[in-house]
Amino acid sequence: EAFMSLKDTESVIIRKADKSNVFVILDKKNYIDECTQQLSNANFYRKLNDGLDSANNIKHILSVCKIQGIFPDKLLNYLAPPPDAKDRRFYTLPKIHKPRAKWFNENTPPGRPIVSDVGSIDNKINVFLDFVLKNLLSGVPAVIRDSFDFIEKLSKSVESLQNCLLITGDVASLYTNMDNSRSLKIARSFLRKFQEVTNNEHKYSDRQISMIIALLDQSLNFNDFLFNDERYLQVNGCAMGKAYSPNLANLYLAELDEFIKSFPHSFFYGRYIDDIFLVWRGDKNSFVELIPEINGLIPGINIEFNFEQETGIEFLDLLVSRDEADKLIYRPHFKETNRFQYLHIRSHHPRHTYAGIAKSQFNRYFRLSSSPEFYRDTCLLLCHKLKKRGYSIIKTKKLIREVADKLNGTRNTISQQSNPLAKKTTILPVITSNDKFSQDFFRIIKRNLENNPCIPKDTRPVRACTTEKSLLRKLFRYW
């Protein structure tokens, strides 16, 4: 009740923190002032008096597709603007991990700009564009999918770090600095390349490519939204919040990838959207000399590089370093803003849920640890954090051993091979609400299904519970 009263408090705004699982209570005036300062940058935003006529533009593009038979009717019906489309909304996620010197004021961290696209007039178009662009990423081999993919690629390429330097890079404000005309040119170029690849199910005809680019042009250049009851237009850059933004960003930096990889001292290079990891076979000075050339390659794209320290270097959720013999080692890393806010033991969920949370994390730590010692130390840290959430430390330590025993001998294997001799089970989900009556009701259903001769013996009923909105979603409002 105390928390819910915050939602009606006009003087505060509640937001989920950027890159963290905690929420932040902000002074409303400071929040609006910080957002307004971002929106006053004429290089990226412009205030509008009226909304744009996006609906007619989209209908015209889709009608051309229909008349010329460019795309099937089923797809065109899916892409059609909904009659009850919502306005896009601008909000920010507070970057509480940034140093205080970069804060807007002493109580207000800078915000990561997001334009909510849910329910908007071109939301389904953006989902379609995401599907198209995602299939082009095979032409960008430097892209890293996640931490497991990074470890797999790095371990295969690098064994010894002798005479090598570990370097990470962060592209400053990538999405807002992506030039729209260059984004369209890059997307068209990759679509053309895929036309030349034989036996590619995702290649498109010339007319289809023209319409895809027209839809992308419409999405990028007609991205108007509301903030504080005023309408704005994003005049340049790709808004975070659009489904295709990460994949377009990956294509946008493909030229940068090839440029850095072309240096003779580049031993390993990988990139996760705007985060770069480089193994440089040389000293620091030999790389520093090249930074101006790297930052001058793509207009508006500037990279801040960090160099390996004695303890190693952070990348994604890992700490990568070397041992005394210069062999590559790595372990999970937790940011300072990580509050370990896992589901509390008294949160009224099915009991297996809590064991599943701990087990999934231990499984992850095992795959992201280069040695059993790193795995054990990381798991013990989580055990003490889970204890504060009401978990039994004896049970969690038992799970640590179980996971290690199960995965032993599969280190650095990203996808575990299933046992072909294992008996396959058909899961029959039974969806209920999460309360005592539904729990008893499921037991009755399960007993009847298991005793029903019409149900195959290899069928296992599993209860799936619907969930209510989280506390953060209940407290969220745009302004």
Side-chain angles (χ1 to χ4, degrees), residues 133-134 136-179 181-183 185-190 193-194 237-238 245-309 312-322 326 328-330 333:
L133 297 178
K134 183 178 182 180
L136 303 179
L137 291 183
S138 59
V140 192
V143 168
I144 295 167
R145 294 193 307 272
D146 51 34
S147 299
F148 303 124
D149 185 43
F150 168 66
I151 289 299
E152 183 178 37
K153 290 178 177 178
L154 182 64
S155 300
K156 287 180 179 178
S157 305
V158 180
E159 289 186 5
S160 174
L161 293 174
Q162 188 174 8
N163 300 321
C164 290
L165 179 67
L166 302 180
I167 304 171
T168 60
D170 180 28
V171 182
S173 304
L174 171 60
Y175 291 99
T176 50
N177 283 301
M178 289 168 58
D179 180 73
S181 358
R182 187 176 188 275
S183 293
K185 182 180 177 181
I186 292 292
R188 186 187 295 274
S189 172
F190 272 92
K193 284 181 184 177
F194 265 61
C238 183
S245 295
N247 290 324
L248 182 59
N250 277 326
L251 298 177
Y252 195 87
L253 294 182
E255 182 183 355
L256 176 72
D257 299 339
E258 296 305 315
F259 183 70
I260 297 179
K261 287 164 63 177
S262 69
F263 293 131
H265 293 301
S266 289
F267 186 42
F268 173 84
Y269 175 90
R271 177 174 55 81
Y272 180 80
I273 308 179
D274 59 349
D275 292 322
I276 292 169
F277 187 91
L278 175 65
V279 179
W280 184 257
R281 188 166 276 169
D283 59 15
K284 181 177 178 179
N285 290 334
S286 65
F287 181 80
V288 170
E289 292 173 356
L290 299 171
I291 291 179
E293 191 177 352
I294 294 172
N295 282 334
L297 180 68
I298 303 175
I301 298 301
N302 289 288
I303 308 168
E304 181 181 342
F305 290 99
N306 298 297
F307 298 90
E308 176 185 6
Q309 304 296 319
I313 195 164
E314 300 172 16
F315 185 71
L316 302 181
D317 55 351
L318 292 162
L319 181 66
V320 184
S321 56
R322 66 183 80 204
D326 280 330
L328 174 73
I329 56 175
Y330 48 86
H333 173 73

Looking only at atom types and distance, does a side-chain atom of Lys193 sit under 3.5 Å from a main-chain N or O of Leu136, one as donor and one as acceptor? no

What are the two closest non-hydrogen atoms of Ala172 and Asn177, and how far apart are they? O-ND2, 3.3 Å

I need the Phe287 CZ to Leu278 CG distance, nearest 0.5 Å. 5.5 Å

pair Leu248-Leu133: side-chain heavy atoms closer than 4.5 Å: yes

Non-neighbouring partners of Glu314 that pass salt bridge (Lys or Arg N to Asp or Glu O under 4.0 Å), sequence neighbours left out: none

Tyr272: partners by ring pair (Phe, Tyr, Trp, His ring centres under 6.0 Å), with sequence neighbours left out: none

Distance check, rounded to the nearest 0.5 Å: Ile273 atom CD1 versus Leu253 atom CG? 10.0 Å

Between Lys284 and Phe307, what is the shortest heavy-atom contact and its length? CE-CD1, 3.5 Å

Val279 and Tyr269: CA distance, side-chain angles, deciding distance, side-chain contact (heavy atoms from CB on, under 4.5 Å) verdict: CA-CA 7 Å; Val279 179; Tyr269 175 90; over 6 Å; no

Close side-chain approach of Leu137 and Leu251, heavy atoms under 4.5 Å: yes

Shortest non-hydrogen contact between Val143 and Asp149, atoms and distance: O-OD2, 4.0 Å

Rounded to the nearest 0.5 Å, what separation is found between the CD1 atom of Ile294 and the CG atom of Asn302? 11.5 Å

Could you walk me through whether Asn306 and Ile167 pass the side-chain contact (heavy atoms from CB on, under 4.5 Å) check? CA-CA 6 Å; Asn306 298 297; Ile167 304 171; over 6 Å; no

Would you mind reporting whether Tyr175 and Pro246 have side-chain heavy atoms less than 4.5 Å apart? yes

Nearest-0.5 Å distance that lies between atom CZ in Phe305 and atom CD1 in Ile291: 5.5 Å

Would you say the side-chain atoms of Arg271 pair up with the backbone N or O of Ala142, donor to acceptor, closer than 3.5 Å? no

Donor-acceptor contact below 3.5 Å, side chain Arg281 vs main chain Gln162: no

If every non-hydrogen atom of Val158 is compared with every non-hydrogen atom of Leu328, which pair is closest and at what distance? O-CD2, 3.9 Å

Geometric cation-pi criterion Arg182 and Tyr252, 6.0 Å radius, 45° cone: yes

Euclidean distance, Ile313 CD1 relative to Thr168 OG1, rounded to 0.5 Å: 3.5 Å

Starting from the C-alpha separation in whole Å, work towards a yes-or-no answer on side-chain contact (heavy atoms from CB on, under 4.5 Å) for Val171 and Ile301. CA-CA 7 Å; Val171 182; Ile301 298 301; 3.8 Å; yes

For the residue pair Asp326 and Ser160, confirm or rule out a side-chain donor-acceptor distance under 3.5 Å. no

Considering the options Phe277, Tyr330, Phe268, which one meets the ring pair (Phe, Tyr, Trp, His ring centres under 6.0 Å) requirement together with Phe315? Phe277

Any side-chain heavy atom of Ser173 sitting closer than 4.5 Å to one from Thr176? yes

Atom of Cys164, atom of Glu308 and distance for their closest heavy-atom approach: O-OE1, 4.3 Å

Would you mind reporting whether Asn163 and Trp280 have side-chain heavy atoms less than 4.5 Å apart? no

Is Ser286 reaching over with its side chain to a backbone N or O of Asp283, donor-acceptor style, under 3.5 angstrom? yes

Tell me whether Asp275 contacts the main-chain N or O of Asp170 through its side chain, where contact means a donor paired with an acceptor under 3.5 Å. no

d(Ser266 OG, Leu290 CG) to nearest 0.5 Å is 8.5 Å

Could I get the full list of ring pair (Phe, Tyr, Trp, His ring centres under 6.0 Å) partners for Phe263, not counting sequence neighbours? Phe259

Verify the neighbour count for atom NZ of Lys261: are there more than 12 heavy atoms of other residues, nucleotides or ligands below 6.0 Å? yes

Residue pair Pro141 / Lys153: nearest heavy atoms and the distance that separates them: O-NZ, 3.6 Å

